[in-house]
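Working notes, beginning with the structure itself.
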Amino acid sequence: MPIARIFQRPKNAMQSGKFRTDHWQLEFEPAEAKHPDPLTGWAGSGDTRDQIRMGFSSQEAAVAFCEAQGLDYELIPAPVRTLKLQAYADNFR
């Protein structure tokens, strides 16, 4: 039985905004390793669960979905966010 991972979406590293970082996401762990296709060289596998990503508005909603569907899940806690407060004048010290 595949294990579902539930985690909070991280902040986009390329932008300063925090859009949808309060949403939770469900993904499945891969059931088999990826291997290169002999014709194209692309990495792939026969596991189609790798393509499934579901979004939820809260952690409780994601856990309730897994329990209703009978899925084993792993809850990954959100990382602690630390703010680095810095003034523009600090660049010249």
Side-chain angles (χ1 to χ4, degrees):
M1 183 106 193
I3 296 177
R5 291 184 287 209
I6 300 172
F7 60 94
Q8 197 168 13
R9 295 176 58 134
K11 186 179 94 58
N12 186 351
M14 301 303 289
Q15 297 178 354
S16 62
K18 296 178 183 169
F19 181 65
R20 290 200 300 187
T21 56
D22 57 339
H23 286 69
W24 289 78
Q25 194 152 350
L26 181 140
E27 292 180 351
F28 290 99
E29 287 188 6
E32 61 183 59
K34 293 189 179 200
H35 53 277
D37 184 278
L39 182 63
T40 62
W42 295 356
S45 70
D47 183 24
T48 58
R49 286 189 202 102
D50 187 38
Q51 302 169 7
I52 299 173
R53 288 183 180 84
M54 299 178 67
F56 295 92
S57 59
S58 67
Q59 172 186 342
E60 293 80 17
V63 170
F65 174 80
C66 288
E67 290 175 353
Q69 298 297 322
L71 298 171
D72 295 330
Y73 62 91
E74 175 188 1
L75 187 61
I76 300 171
V80 178
R81 295 183 185 138
T82 58
L83 294 175
K84 182 181 176 186
L85 299 176
Q86 183 176 344
Y88 180 70
D90 293 341
N91 293 333
F92 303 102
R93 291 185 184 176

Can you pull the ring pair (Phe, Tyr, Trp, His ring centres under 6.0 Å) pairs that have at least one residue in residues 54-74, sequence neighbours excluded?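 Passing the test, one end in residues 54-74: Phe56-Phe65.
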With Gln86 via side-chain hydrogen bond (donor to acceptor under 3.5 Å, both in side chains) - residues at least two apart: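 Gln86 satisfies side-chain hydrogen bond (donor to acceptor under 3.5 Å, both in side chains) with Asn91 only.
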Can you give me the closest heavy-atom contact between Gln8 and Thr21, atom names plus distance?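 Heavy atoms only, the tightest pair is NE2-O, 3.0 Å.
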Please give me the minimum heavy-atom distance between Gly41 and Pro36, naming the atom from each residue. O-CB, 4.2 Å
Would you give the length of the straight line joining atom [atom1] of [X] to atom [atom2] of [Y], rounded to the nearest 0.5 angstrom?
| X | Y | atom1 | atom2 | result |
| --- | --- | --- | --- | --- |
| Ile6 | Met54 | CD1 | CE | 10.0 Å |
| Arg9 | Phe19 | CZ | CZ | 8.0 Å |
| Leu75 | Arg5 | CG | CZ | 13.0 Å |
| Leu85 | Thr82 | CG | OG1 | 10.0 Å |

Could I get the full list of salt bridge (Lys or Arg N to Asp or Glu O under 4.0 Å) partners for Asp90, not counting sequence neighbours?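 Salt bridge (Lys or Arg N to Asp or Glu O under 4.0 Å) list for Asp90, sorted by chain: Arg93.
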Ile76: hydrophobic cluster co-members (side-chain, 4.5 Å): Phe7
Under 4.5 Å side-chain linkage, directly or through intermediates, the cluster mates of Tyr88: Phe92
Going by atom type alone, with no hydrogens or angles, which donor-acceptor pairs under 3.5 Å involve a side-chain atom of residues 24-33 and a protein atom two or more places apart or on another chain?
from	atom 1	to	atom 2	distance (Å)
Glu27	OE2	Arg53	NE	2.9
Glu32	OE2	Gly46	N	3.0

